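First up is the structure itself, then whatever we jot down about it.
Counting starts at 1 for both ligands and their atoms, in listed order. Hydrogens, waters and symmetry mates play no part in the numbers below; they use all other heavy atoms, side chains included. Since the model is a prediction, treat every value here as computed from it, not as a measurement.
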Amino acid sequence: MKVLTVAKTDVPALLEAIAAQRRLIAPIEDRMGTSFGEVSDPAAVRLDYRNTHLSSKEVVFPQCETLLRFRDDEAEDALSEERETVLFGVRPCDARALSLLDRVFTWDGLDDPYYLRRRQGTIVVALACREPGPACFCTSVGGAPAGEAGADVLATDLGDRLLLQAVRERGDALLEDAGVGEAASDADVEAAKQAAESAEALLASVKAPTDLERLRATFDSDVWSELAMGCLGCGACTYSCPTCHCFDITDETRKGVGKRVRSWDTCAFPLFTLHGSGHNPRPAKDARLRQRILHKFLYCPENFGEVFCVGCGRCISNCPTGIDLRRILERLEQLVSAA
Ligand code: SF4
Ligand code: SF4
């Protein structure tokens, strides 16, 4: 596998070479801070950001997408040809989140063709974190500031250069096609390793509950009312989360012509579980917050063997009332270990 260094002054040339052959999506400054967007000017790409306001999941799982179009009784699917895409400079937590979404959208042999078409056509270049943000806790949930999960290439900022390490075949092919950079030395690789260790040392440890049976036993506990007290049910936590994947499907029809649309939805909204009968199995916000937490820390470990949180901290920094997932986890761990 290729291991290259590219001088910072040559990074625009690298991005141009990538964009000449594939669609390039990278962090770009906008009114929200830094967000992923299609790159038209490589000079606008920001690699000195901590993390984006929203995650990169929209690249493979759009907020809203048409699944099929219909007229009366006839329908045709809306699977579109996707141009091969390079998602450049995504943080390792977001890259790892893509590998978790892969598990959902291929679960039990039920492959989702809409998701898979995009995901299989997306090459991921992860950018190792040197300075984790104040709300980050990736190492407490199985990740790392220089983790490779979900990535095809791992990039590390070495000051005046970028180290690019291909970690999967298609990452290797990407670096080969770009034709920019020179072979890295052992000292470069060692410098990246040390940078990763220093970044890890900056991360605080969060004790999340791992005893699934005892966590399940909290289902009827009053702790959920306590934890949900400040929750507004706004959904900012779930919409900005790179691993949340709930969606709704609606038909938009006019005079027999229409389309079937899939849109993100969230367990934070009462309408999410409202039945046609008027019954709502999660009528109050404590039940909805409980669902969000148990889905990630109990049901996903049961179904997929992994916690569905990558510790990106977005739900913490985006919550308007300051609800902090780290404190929720610690409170639950306290409860579970005292049981
Ligand atoms: S962002 Fe905060 S207030 Fe909004 S739904 Fe999530 S936990 Fe509740
Ligand atoms: S639950 Fe919060 S910290 Fe965990 S991945 Fe989602 S947004 Fe990030």
Side-chain angles (χ1 to χ4, degrees), residues 32-33 35-36 50-58 61 63 90-104 126 129 132-145 147 149-150 203-210 215 223-246 264-273 282 284-301 304 306-333:
M32 306 283 281
S35 301
F36 287 100
R50 273 192 166 160
N51 212 345
T52 48
H53 186 66
L54 297 176
S55 82
S56 61
K57 78 176 170 192
E58 186 156 14
F61 176 38
Q63 193 162 352
V90 69
R91 290 298 180 192
C93 54
D94 276 3
R96 180 164 172 247
L98 296 177
S99 73
L100 296 177
L101 293 180
D102 292 346
R103 308 282 303 277
V104 173
C129 296
C136 297
F137 61 101
C138 61
T139 48
S140 300
V141 284
L203 283 154
S205 165
V206 178
K207 188 95 183 84
T210 51
L215 184 57
V223 77
W224 298 107
S225 320
E226 171 197 319
L227 295 172
M229 210 170 286
C231 179
L232 304 173
C234 66
C237 47
T238 52
Y239 277 91
S240 60
C241 176
T243 66
C244 276
H245 51 267
C246 291
W264 291 358
D265 204 344
T266 166
C267 55
F269 295 163
L271 270 181
F272 184 65
T273 42
R282 291 185 211 131
K285 63 184 182 179
D286 52 350
R288 297 192 282 273
L289 183 126
R290 178 184 65 198
Q291 169 61 22
R292 177 179 148 234
I293 303 300
L294 293 187
H295 191 188
K296 290 180 178 301
F297 292 90
L298 174 61
Y299 310 140
C300 284
F304 302 108
E306 288 188 76
V307 158
F308 262 48
C309 168
V310 292
C312 71
R314 286 189 183 89
C315 58
I316 299 164
S317 47
N318 288 333
C319 178
T321 63
I323 291 178
D324 189 326
L325 177 61
R326 296 166 298 185
R327 303 293 86 83
I328 291 179
L329 294 174
E330 283 167 355
R331 178 75 180 94
L332 289 172
E333 167 58 17

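The line from CG of Leu101 to SG of Cys244 is 9.5 Å long, rounded to the nearest 0.5 Å. Taken to the nearest 0.5 Å, the CD1 atom of Ile328 stands 10.0 Å off from the CD atom of Glu226. The CE atom of Met229 sits 10.0 Å away from the CD1 atom of Ile323 when rounded to the nearest 0.5 Å. Atoms SG and NE2, on Cys309 and His295 in that order, are 13.0 Å from each other to the nearest 0.5 Å. In this structure, Ser99 OG and Glu306 CD are separated by 6.5 Å, a value rounded to the nearest 0.5 Å. With rounding to the nearest 0.5 Å, the separation of CD in Gln291 from CG in Asp286 is 12.5 Å.
Distances below 4.0 Å separate heavy atoms of Pro320 from the following atoms of ligand 1: 1 (S). For ligand 2 and Lys296, the ligand atoms under 4.0 Å from any heavy atom of the residue are 1 (S). Near Gly313, with a cut-off below 4.0 Å to any heavy atom, the atoms of ligand 2 are 3 (S), 8 (Fe). Within ligand 2, counting atoms from 1 as listed, the ones closer than 4.0 Å to a heavy atom of Leu325 are 1 (S), 2 (Fe), 4 (Fe). Numbered from 1 in the order shown, with element, the atoms of ligand 2 that lie under 4.0 Å from a heavy atom of Cys312 read 3 (S), 5 (S), 7 (S), 8 (Fe). Taking every heavy atom of Val310 and a limit of under 4.0 angstrom, the matching atoms of ligand 2 come to 4 (Fe), 5 (S). Close approach of ligand 1 to Gly233 is summarised as follows: ligand atoms under 4.0 Å from at least one heavy atom of the residue are 5 (S), 8 (Fe). Within ligand 2, the atoms closer than 4.0 Å to a non-hydrogen atom of Phe137 are 3 (S), numbered from 1 in the order shown.
The shortest contact between atom 8 (Fe) of ligand 1 and any protein heavy atom is with Cys231 SG, 2.3 Å. With hydrogens left out, the protein atom closest to atom 2 (Fe) of ligand 1 is Cys319 SG, 2.3 Å, a heavy atom. In terms of protein heavy-atom proximity, atom 6 (Fe) of ligand 2 is closest to Cys241 SG, 2.4 Å. If you check which protein heavy atom lies closest to atom 3 (S) of ligand 1, you get Leu232 N, 3.2 Å. In this structure, atom 4 (Fe) of ligand 1 lies nearest to the protein heavy atom Cys234 SG, 2.2 Å.
A cation-pi arrangement is absent between Lys285 and Trp224 under the rule of less than 6.0 angstrom and at most 45 degrees off the ring axis.
Remark: of the listed residues Asp265, Thr266, Asn318, Thr266 is the sole one forming a side chain to side chain donor-acceptor pair (under 3.5 Å) with Thr238.
What you find for Ala97 and Thr243 is that their closest heavy atoms are CB-CG2, 3.7 Å.
Of the candidates Gly235, Ala228, Ala236, Cys267, Gly235 brings a heavy atom nearest to atom 5 (S) of ligand 1.
At a heavy-atom cutoff of 4.0 Å, ligand 2 is contacted by no atom of Val141, backbone or side chain.
One of the N, O or S atoms belonging to Cys315 lies under 2.8 Å away from atom 2 (Fe) of ligand 2.
Using a cut-off of 4.0 Å between Lys/Arg side-chain N and Asp/Glu carboxylate O, Arg314 and Asp94 are scored as salt-bridged.
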